[in-house]
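Worksheet: one structure, shown below.
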Number of protein chains: 2
Amino acid sequence: MIRTLALAAFVVAAPAFAQDAKPVLNDPAVLAEMGREAARLPLLASDLARTRAQLDASIRDGVNVPVPKDPGGGATHEQHRRNYQAIYGGGLLYRITGERKYADHARALLLAYAKLYPTLGKHPAASNQVPGRLFWQSLNDSVWLVYAAQGYDAIRDTLSPADRATIDADVFRRMADFLSVETAASFDRIHNHATWAAAGVGMTGYVLRDPKLVTRALKGSDGSGKAGFLRQLDLLFSPDGYYAEGPYYQRYALQPFVMFANAIAKNDPAQKIFQYRGGIVLKAVTTAIQLTYDGYFFPINDAMPDKSLKTDELYQAVAIGYAATRDPALLDIAKWQGRTVLTDDGLAVARDVAAGKAKAFPFASKLFRDGPDGDQGALAVLRDGPGDDAQVLVAKNTAQGMGHGHFDKLNWLLYDHGQAIVTDYGAARFLNIEAKSGGRYLPENDSWAQHTIAHNTLVVNETSHFAAKLKPAEAVAPKQLYFSGTGDTQASIGEMTGAYPGVTFRRTLAQVRVRGLGSPIVVDVLKVKGNAPARYDLPLHYNGHLIDTGFALKSNVTTRPVMGAKKGYQHLWVDATGTPDATNGRVTWMTAGRFYSYRMATPGVQVILAESGANDPKFNLRREPAIIQRLDGAKDATFVSLLEAHGRYDPSTEMVSGSASAVASVTQARAGDADIVTITLVDGRRVILAVADDASPGGKHSATVAGRAFDWTGPIGRMDREAGK
Amino acid sequence: MIRTLALAAFVVAAPAFAQDAKPVLNDPAVLAEMGREAARLPLLASDLARTRAQLDASIRDGVNVPVPKDPGGGATHEQHRRNYQAIYGGGLLYRITGERKYADHARALLLAYAKLYPTLGKHPAASNQVPGRLFWQSLNDSVWLVYAAQGYDAIRDTLSPADRATIDADVFRRMADFLSVETAASFDRIHNHATWAAAGVGMTGYVLRDPKLVTRALKGSDGSGKAGFLRQLDLLFSPDGYYAEGPYYQRYALQPFVMFANAIAKNDPAQKIFQYRGGIVLKAVTTAIQLTYDGYFFPINDAMPDKSLKTDELYQAVAIGYAATRDPALLDIAKWQGRTVLTDDGLAVARDVAAGKAKAFPFASKLFRDGPDGDQGALAVLRDGPGDDAQVLVAKNTAQGMGHGHFDKLNWLLYDHGQAIVTDYGAARFLNIEAKSGGRYLPENDSWAQHTIAHNTLVVNETSHFAAKLKPAEAVAPKQLYFSGTGDTQASIGEMTGAYPGVTFRRTLAQVRVRGLGSPIVVDVLKVKGNAPARYDLPLHYNGHLIDTGFALKSNVTTRPVMGAKKGYQHLWVDATGTPDATNGRVTWMTAGRFYSYRMATPGVQVILAESGANDPKFNLRREPAIIQRLDGAKDATFVSLLEAHGRYDPSTEMVSGSASAVASVTQARAGDADIVTITLVDGRRVILAVADDASPGGKHSATVAGRAFDWTGPIGRMDREAGK
């Protein structure tokens with residue numbers, strides 16, 4: 001009954017609509033279809049209900065457009081966030097449901113912003129980020145604009161010319177000018193913050209029918225093309241669609257790229273934006289999805305580890321990507337997400353998922369080159385299979401990745417059976433939680449999370465790569481020397497020169513499938529060449545509860561020393577130390593009912609069992625264990641380590657299987673021009689891996705190992721021997 | 001094709017079947033029906049497939065009946081476990097599928113046992129438990145017998161008289177005699193181990209048609225009724241179906257009770273076993289289910305916290321309970337379990353769940369009295385609602401609970417939004433994981449987990465209740481003075497005298513619903529009366545990451561002192577200390593995206609933030625945080641604490657709401673004959689709770705609070721005031 005009345009009001013009002021203000025970002029006819037179909041489409045029904053509930057609540061709360069005051073997480077911050085969501089949702093809901101109250105609410109909010117916005121200067125809680133006006137950083141202002149522009153677009157033709165002129169001028173044009181002309185330096189950066197600004201300004205340009213704004217967005221504040229959206233597409237993604245800052249920020253960066261690209265495709269098809277640079281926008285979407293485990297993004301660099309594909313950015317990216325490609329694998333992701341967006345593209349996704357058109361997303365071993373030209377290292381991803389539970393190894397051989405990058409060249413991660421096993425701390429931050437430094441990066445992000453010792457890679461003389469300085473770190477990148485993502489011995493080889501003066505280190509990480517073992521064995525050969533005797537530390541941060549060690553421990557049970565004074569070492573407690581011999585360098589832990597045995601075959605190494613959390617007066621750090629191999633006084637060294645997942649403990653049945661490792665020993669040796677790693681299994685079989693110094697794929701190598709000739713091609717050779725042979 | 005041949009073999013063999021050996025524990029006709037229907041019944045289909053796969057693997061592995069050698073978790077231990085499962089599963093599968101190979105495999109295993117068993121003496125890995133023959137403790141032998149008897153029952157009429165005589169005599173009669181006559185002292189205990197023995201012996205009696213064995217099982221080794229199954233039913237459960245050792249062992253103890261009761265009901269209906277003692281067997285089943293949160297058992301006493309309703313014991317209990325009662329709420333539990341057992345009763349469950357007959361299990365606030373007569377304290381469970389996510393408070397006012405009991409009178413736990421919030425360590429044990437003390441209880445179970453400081457209750461002078469001695473602990477129990485599980489102020493009052501000489505303490509725990517707050521506020525008033533000035537410590541063990549505190553902390557950032565030298569204190573690191581004033585005694589933490597603020601309104605208290613893990617050279621302990629209120633030099637004291645769940649952090653949207661507590665302050669005062677707790681909310685409203693000294697339900701009380709008369713009846717009064725009133 002109420003609905004009928006609202007529709008009636010709508011019809012009466014219709015003649016006043018201005019045709020030159022009709023929506024340009026979402027097709028109103030398709031949104032109206034959505035209104036009729038959504039109840040029958042699982043991916044839309046609940047989202048529509050949720051959005052309606054949010055908007056109805058927002059309408060009940062009335063118009064609340066406060067004078068900006070608080071930093072991230074604070075009351076005014078959250079209110080302005082809620083407001084752009086209400087403007088966006090209100091506009092879409094009006095088109096979907098035909099109910100005028102949603103358009104009215106968006107209008108009322110925008111008119112309030114039109115009063116407030118011209119009065120604002122620099123945000124009072126501005127810190128070291130570029131300050132915004134509505135928010136403490138201009139980035140949030142850009143996000144506000146991207147969403148509000150879409151909401152405004154949906155209702156603009158329902159407004160009186162006077163209202164439209166007011167909102168055009170005092171909200172959108174002012175914000176677009178603030179974010180482009182008035183802060184041109186940040187607008188013209190090659191950085192995701194600038195992409196949000198470009199998207200906001202460009203979408204505003206389409207909505208206001210102002211080509212100048214669009215040009216500014218596409219080609220930078222001076223229109224030269226040295227900056228702007230197209231240049232960002234050239235430089236921010238590698239040819240493989242990898243975003244320089246890593247998966248967490250790739251997700252975030254993706255949204256303005258896909259949303260603005262979508263707006264360009266709709267309003268300026270001649271631009272062929274989805275074909276630009278070999279289809280880089282869509283490649284960036286599928287690459288983002290590849291960089292997940294069980295739906296969660298690999299948390300390298302400044303990442304929140306709880307971030308999954310279930311985020312607004314990926315709902316948008318999947319819908320826009322699907323509309324542009326009709327790739328049925330994207331429907332598989334939409335199914336996992338369990339929802340899609342309330343846009344014309346979202347309707348296509350929901351319809352086709354409901355029609356059973358989804359096909360499994362092809363998760364696979366893949367190399368993602370870094371750098372605009374693909375020559376700045378790479379992220380190497382080795383997958384034991386396409387399933388959610390399959391073991392995945394990530395070798396972080398990427399370049400620095402700007403200000404959010406960590407100092408951890410050739411770091412690695414491992415996932416197994418649905419769990420993070422070899423971990424990355426990610427960012428030290430409680431996002432938007434005001435009591436924790438206003439929700440911003442914590443001091444411990446600088447003092448711990450960014451440092452090399454907080455990662456699973458080589459530390460020389462207790463200092464971080466590049467002495468933890470951004471500028472030198474950005475100047476050089478690792479080299480990806482080799483990658484093989486097929487067969488029973490998948491491997492990546494990366495090399496880093498310049499992280500420390502006079503030091504080069506090379507790391508081979510291999511996922512070695514062995515007949516009869518449920519999971520591949522990970523082999524890690526880290527070879528360092530230095531120019532002076534040094535202290536080498538190789539940490540492994542893991543997730544699990546220590547079960548036992550093969551060597552004796554000296555445990556610090558009443559006083560745990562702190563490991564060092566700086567570069568992250570001040571945050572590590574030393575739980576225990578030990579000195580394994582050639583055969584017993586094993587640490588076994590348990591994670592979610594599965595056992596993991598880490599074996600170290602590095603002669604002369606001392607092992608330190610440590611835990612993060614020292615020098616943390618405000619309890620800002622998570623307390624997580626690490627195993628550190630320490631080698632003192634060597635110039636050149638070869639760290640050989642092995643990680644084996646084995647067995648199960650089932651709490652339901654209380655049954656334990658395979659709690660003992662299937663590996664009896666690991667040794668390293670030199671033979672010919674190669675390092676030879678011999679893994680002897682408990683059943684007597686041996687797996688012999690050779691890693692040649694020459695990493696070229698066609699190089700021929702031979703060596704004599706245990707009295708037998710061993711020939712192979714390419715950097716990695718493998719020879720399996722049965723027991724007693 | 002293979003199946004057809006097997007069936008043919010079956011038919012040919014049929015005439016040889018002995019009719020006086022036909023199954024007495026499971027109806028073969030019903031099992032045959034299951035074989036025809038299982039594929040269409042979700043609760044059975046996967047279990048049948050799994051059991052088939054297990055049996056097929058066992059058949060492939062051949063008969064492996066090793067000489068016993070290893071303790072729990074070791075190879076021979078696990079093999080004998082697998083064998084009884086193969087005998088049990090083989091018997092049932094033979095009846096379900098008609099495939100003779102399953103019967104043959106069970107027969108072959110049993111014949112191997114008939115050879116081995118007569119040669120065995122005391123198990124070589126026997127420790128301080130009663131030794132078994134097949135296993136390191138006789139308990140496991142009893143379990144073996146319970147299952148093997150059922151498998152044997154299913155195939156006994158397929159055997160030649162000679163095989164039958166051999167297995168009867170050399171396996172079952174010998175084991176039954178070993179477990180009853182030869183170890184009469186343990187058989188005649190009132191203890192769950194004895195129930196397993198009784199069930200094994202009694203079921204063997206039915207299978208062998210030997211009433212003497214049945215009588216021995218029902219009435220003890222001398223047949224007098226002073227021991228045995230019926231006496232166990234009299235003494236091991238309280239009138240409310242609570243099992244003395246707590247929920248974890250209730251689950252375990254339940255299985256022989258329900259299985260043997262089921263066998264009695266089928267073979268001796270005149271015994272009316274399910275009506276015995278007011279239907280105590282079925283009450284024990286529903287009580288076990290009530291003692292769970294989100295399917296996981298409350299982990300008080302020696303419990304593994306990962307134990308849920310998804311265990312064989314509860315599959316059996318639910319099926320047997322349903323067959324006996326047809327209570328549709330049990331079907332709801334079976335649905336949550338996702339499977340049922342391959343017995344005639346399991347078929348009824350699977351059929352009725354498939355037919356949609358399940359009704360929500362009525363989880364509710366309830367008092368579970370402890371002790372055979374219900375006068376040995378109680379477990380008080382307060383639930384904010386029946387849902388899985390509803391907040392649940394557990395007050396552990398139970399008696400000691402035998403050897404698996406912990407020394408923690410008036411301890412409490414809290415669950416909220418699907419998470420354990422105020423926690424119980426449970427047992428220090430890695431069940432069946434050989435590298436951790438052979439999978440047995442760890443030394444830290446005695447040095448940490450059992451002690452009072454490891455729990456959320458009062459410690460006097462740094463020693464545990466009853467000085468951590470079992471005998472005095474068993475001599476006295478707490479008193480449950482009051483319980484109210486309805487309305488907006490649910491509460492429990494327990495009192496303990498005798499845990500320390502000259503000390504009585506009383507604890508009121510209330511779940512207080514406040515208009516406008518999403519969750520109830522927990523109010524904890526712990527009142528102690530001593531006979532000399534003492535050190536009082538009141539710990540709160542929580543699960544979460546500390547966000548901030550209302551008072552200044554002195555943090556031990558480079559050297560964490562150990563809190564004490566014994567009684568569990570030696571396992572606590574002191575992270576920080578602080579001395580709150582009257583208004584700022586708040587600690588806020590975060591658990592799974594939700595905030596928890598703990599407020600302490602105990603004058604003169606010092607607060608210690610601690611973490612378990614000191615003096616733990618083998619990494620046996622989980623490292624978990626605790627907040628300890630310490631009061632020195634008082635004789636009488638009143639600890640008032642409050643726990644408030646608030647807000648949400650959603651990692652998908654990065655939105656934070658309600659991160660600040662809704663409570664402004666808490667104060668305590670005396671007025672009349674009562675303690676008055678005044679909770680002032682941030683919005684100015686006040687909730688005033690009065691706890692009278694007189695705990696009688698009809699007592700009339702009055703006091704003047706903030707200038708107003710306050711009258712109430714019963715121990716707990718409540719007065720809410722609007723802001724400014």
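Below, all heavy atoms of this structure are taken into account, side chains as well, without hydrogens, waters or symmetry copies. For clarity, every value in this text was computed on a predicted model and none was experimentally measured.
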Could you give the distance from CZ (B:R339) to OG (A:S652), rounded to the nearest 0.5 Å?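 If I round to the nearest 0.5 Å, the distance is 7.5 Å.
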
How long is the straight-line distance from CD of A:E434 back to OG of B:S659, given to the nearest 0.5 Å? 6.5 Å

Using a cut-off of under 4.5 Å for heavy-atom pairs, which of [options] has the most such pairs with chain A?
options	result
B:L621, B:L309, B:T549	B:L621
B:T311, B:L609, B:I433, B:T653	B:I433
B:P651, B:G613, B:A435	B:P651

Most chain B-contacting option - heavy-atom pairs closer than 4.5 Å, from A:K436, A:K310, A:R82: A:K436

Taking every heavy-atom pair that is under 4.5 Å apart, which of A:T588, A:D312, A:N620 has the most such pairs with chain B?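 Top option by heavy-atom pairs under 4.5 Å: A:N620.
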
Give, as side chain, backbone, both or neither, the part of [X] having an atom under 4.5 angstrom from any heavy atom of chain A.
X	answer
B:D650	neither
B:E611	side chain
B:M655	both
B:L314	neither
B:D616	backbone

Are there residues of residues 552-563 of chain A that reach to under 4.5 Å of chain B by heavy atoms, and which ones?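 The stretch touches chain B at A:L553, A:S555, A:N556, A:V557, A:T558, A:T559, A:R560, A:V562.
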
Grab the two heavy atoms, one from [X] and one from [Y], that are nearest each other, plus how far apart they are.
X	Y	answer
A:Y649	B:L431	CE1-O, 3.4 Å
A:F619	B:H545	O-NE2, 2.8 Å
A:E654	B:Y248	OE2-OH, 3.4 Å
B:D575	A:R623	OD2-NH1, 2.9 Å

Give a yes or no on whether the backbone of A:D548 and the side-chain of B:K618 come within a donor-acceptor separation of less than 3.5 Å. no

Where does A:Q337 contact chain B at under 4.5 Å (heavy atoms): side chain, backbone, both or neither? neither

Residues in side-chain contact (heavy atoms from CB on, under 4.5 Å) with A:A610, at least two apart?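 So A:A610 forms a side-chain contact (heavy atoms from CB on, under 4.5 Å) with A:L572, A:I608, A:I628.
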
